[in-house]
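Let me begin by presenting the structure, written as structure tokens, before commenting on it.
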Amino acid sequence: MAVNPTSFIAQAEPLVELRDVTCGYGDRVILERVNLKVPRGKVLALIGTSGGGKTTVLRLLGRQIRPLKGEVLFDGQDIAPLNLTDLYAVRRRMGMLFQFGALFTDLSVFENVAFPLREHTKLPETMIRDLVLMKLNAVGLRGARDLMPSEISGGMARRVALARAIALDPDLVLYDEPFAGLDPISLGVAARLIRDLNDALGLTSIIVSHDLHETFAIADEVAMIANGRVVAQGTPDELRRSEDPLVRQFVGAEPEGPVHFHQPACSVVDDFGLGARA
Ligand SMILES: Nc1ncnc2c1ncn2[C@@H]1O[C@H](COP(=O)(O)OP(=O)(O)OP(=O)(O)O)[C@@H](O)[C@H]1O
């Protein structure tokens with residue numbers, strides 16, 4: 001059988017790569033010289049302390065923000081310098097499910113999933129119907145097509161949002177806190193669904209989550225971001241076995257460690273005027 005070596009190279013190349021990326025908001029640097037690779041077909045979990053910059057990584061990938069330095073590569077192409085037409089073409093290859101996966105409350109479940117297809121394609125109605133029902137079927141909600149968002153549970157709403165995120169058959173799906181606010185059963189269902197859809201549809205997924213138990217159960221790789229850097233990346237088991245004090249504190253949920261409970265502040269004596277009263 002003939003083998004095309006270039007297709008192997010293309011497969012081996014990560015779908016997403018941050019190369020030496022520094023970025024921030026205004027004068028404030030949030031990520032500094034970050035390197036991160038997301039292999040094709042895999043599920044990568046981004047974990048780390050609050051405010052560490054996880055959502056900022058997703059914003060870089062959607063180019064809601066641009067790096068100050070470095071490259072943000074999607075399928076080998078730096079997306080920072082793209083013009084709007086090329087950027088929209090790249091964004092069409094990305095599905096996004098942001099916190100609580102807000103649905104359009106005045107549209108039915110069906111119309112919510114149809115929305116991106118109507119916005120971004122000129123497909124005939126019969127094809128839109130088939131595609132929407134296929135996506136709803138994939139998340140187990142074909143039977144809920146006519147319900148309004150107010151008539152479904154939080155877990156179901158998250159699954160509808162997931163169907164909407166994959167409506168355009170993206171290569172990459174970005175999830176920001178997809179499990180926030182879900183009960184443990186819905187959470188387990190949502191996590192399993194993310195994994196199964198990733199594999200069945202040949203996606204690549206990046207999940208930002210504080211729910212370590214569920215994300216460790218479904219992720220191929222975990223990257224921990226702290227203090228503006230990727231401090232660890234590896235399989236869930238490698239992170240569990242890590243000797244790094246920061247990783248140990250975070251993954252082991254230990255209250256004591258390099259991350260302090262108190263934000264730096266002036267002395268208690270100054271704030272409460274204790275010195276003056278004494
Ligand atoms: N639009 C913005 N303008 C200015 N600063 C911002 C903006 N968005 C985020 N930040 C700051 O950037 C830092 C990183 O935020 P980011 O949302 O990426 O963190 P995170 O790791 O996702 O946090 P969390 O886990 O709490 O959601 C935070 O200190 C935040 O206050």
Side-chain angles (χ1 to χ4, degrees), residues 16-38 43-74 79-80 87 91 94-102 154 158 161 165 172-182 187 190-191 194 205-219 221-234 236 239 242 244-255 257-265:
V16 169
E17 183 173 358
L18 301 193
R19 255 190 219 161
D20 216 15
V21 165
T22 297
C23 78
Y25 301 99
D27 293 339
R28 196 167 152 225
V29 170
I30 302 294
L31 300 173
E32 200 163 8
R33 310 204 64 174
V34 162
N35 288 291
L36 182 71
K37 288 183 183 176
V38 188
V43 175
L44 175 95
L46 279 180
I47 63 166
T49 49
S50 225
K54 303 178 295 296
T55 300
T56 301
V57 170
L58 300 189
R59 288 196 193 124
L60 280 168
L61 295 175
R63 214 189 77 182
Q64 278 88 18
I65 59 168
R66 292 181 213 231
L68 299 167
K69 287 191 201 134
E71 290 175 319
V72 179
L73 301 171
F74 176 75
I79 62 170
L87 176 64
R91 280 201 188 138
M94 300 180 186
M96 301 187 191
L97 195 152
F98 287 142
Q99 286 189 5
F100 300 105
R158 215 63 59 86
L172 174 70
V173 188
L174 306 173
Y175 299 93
D176 196 355
E177 294 289 351
F179 312 126
L182 292 182
L187 196 159
I194 288 173
S205 304
I206 303 179
I207 307 175
V208 167
S209 176
H210 289 290
D211 204 298
L212 298 195
H213 180 72
E214 293 301 337
T215 37
F216 272 52
I218 60 163
E221 284 193 25
V222 181
M224 178 166 166
I225 298 191
N227 304 327
R229 291 177 177 268
V230 176
V231 293
Q233 182 171 1
L239 259 81
S242 171
D244 183 306
L246 205 54
V247 179
R248 286 177 69 91
Q249 184 190 6
F250 194 74
V251 175
E254 293 163 10
V259 178
H260 300 292
F261 168 69
H262 282 290
Q263 286 282 344

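For ligands, and for the atoms within them, numbers begin at 1 and follow the listed sequence.
- Polar contact with ligand 1: absent for Gly48 (N/O pair, distance under 3.5 Å).
- At the top of the distance list for atom 30 (C) of ligand 1, counting protein heavy atoms only, stands Arg28 NH1, 4.3 Å.
- Residue Gly53 places at least one N or O, backbone or side chain, under 3.5 Å from an N or O of ligand 1.
- The protein atom (non-hydrogen) at minimum distance from atom 4 (C) of ligand 1 is Tyr25 CB, 3.3 Å.
- Listed by atom number, the atoms of ligand 1 under 4.0 Å from Thr56 heavy atoms are 14 (C), 15 (O), 16 (P), 18 (O).
- Between Ser50 and ligand 1, a contact under 3.5 Å exists for at least one N or O pair.
- Of the inter-residue distances, the one linking Ser209 atom OG with Glu214 atom CD reads 8.5 Å to the nearest 0.5 angstrom.
- At least one heavy atom of Thr49 sits closer than 4.0 Å to an atom of ligand 1.
- Residue Ile30 places no N or O, backbone or side chain, under 3.5 Å from any N or O of ligand 1.
- Protein heavy atom closest to atom 17 (O) of ligand 1, with residue, atom name and distance, is Thr55 CB, 3.5 Å.
- Protein heavy atom closest to atom 23 (O) of ligand 1, with residue, atom name and distance, is Gly51 N, 2.8 Å.
- Residue pairs meeting the side chain to side chain donor-acceptor pair (under 3.5 Å) criterion with at least one member in residues 17-28, sequence neighbours excluded: Glu17-Arg19, Arg19-Glu71, Asp20-Arg33, Tyr25-Thr56, Tyr25-Arg59.
- Note that the CZ atom of Phe179 and the OG1 atom of Thr215 stand 6.5 Å from one another [nearest 0.5 Å].
- Lys69 places no side-chain N or O within donor-acceptor distance of the main-chain N or O of Cys23, the cut-off being under 3.5 Å.
- Counting all heavy atoms, side chain and backbone alike, Glu32 lies closest to Arg229 at O-CG, 3.9 Å.
- Between Glu177, Lys54, Arg59, His210, it is Lys54 that holds the heavy atom closest to atom 20 (P) of ligand 1.
- No side-chain donor-acceptor contact under 3.5 Å links Glu177 to the backbone of Asp211.
- Taking both residues in full, the closest heavy atoms of Ile218 and Ala191 are given as CD1-O, 3.5 Å, listed atom of the first, atom of the second, then distance.
- In this structure, the side chains of Leu246 and Met224 come closer than 4.5 Å at one or more pairs of heavy atoms.
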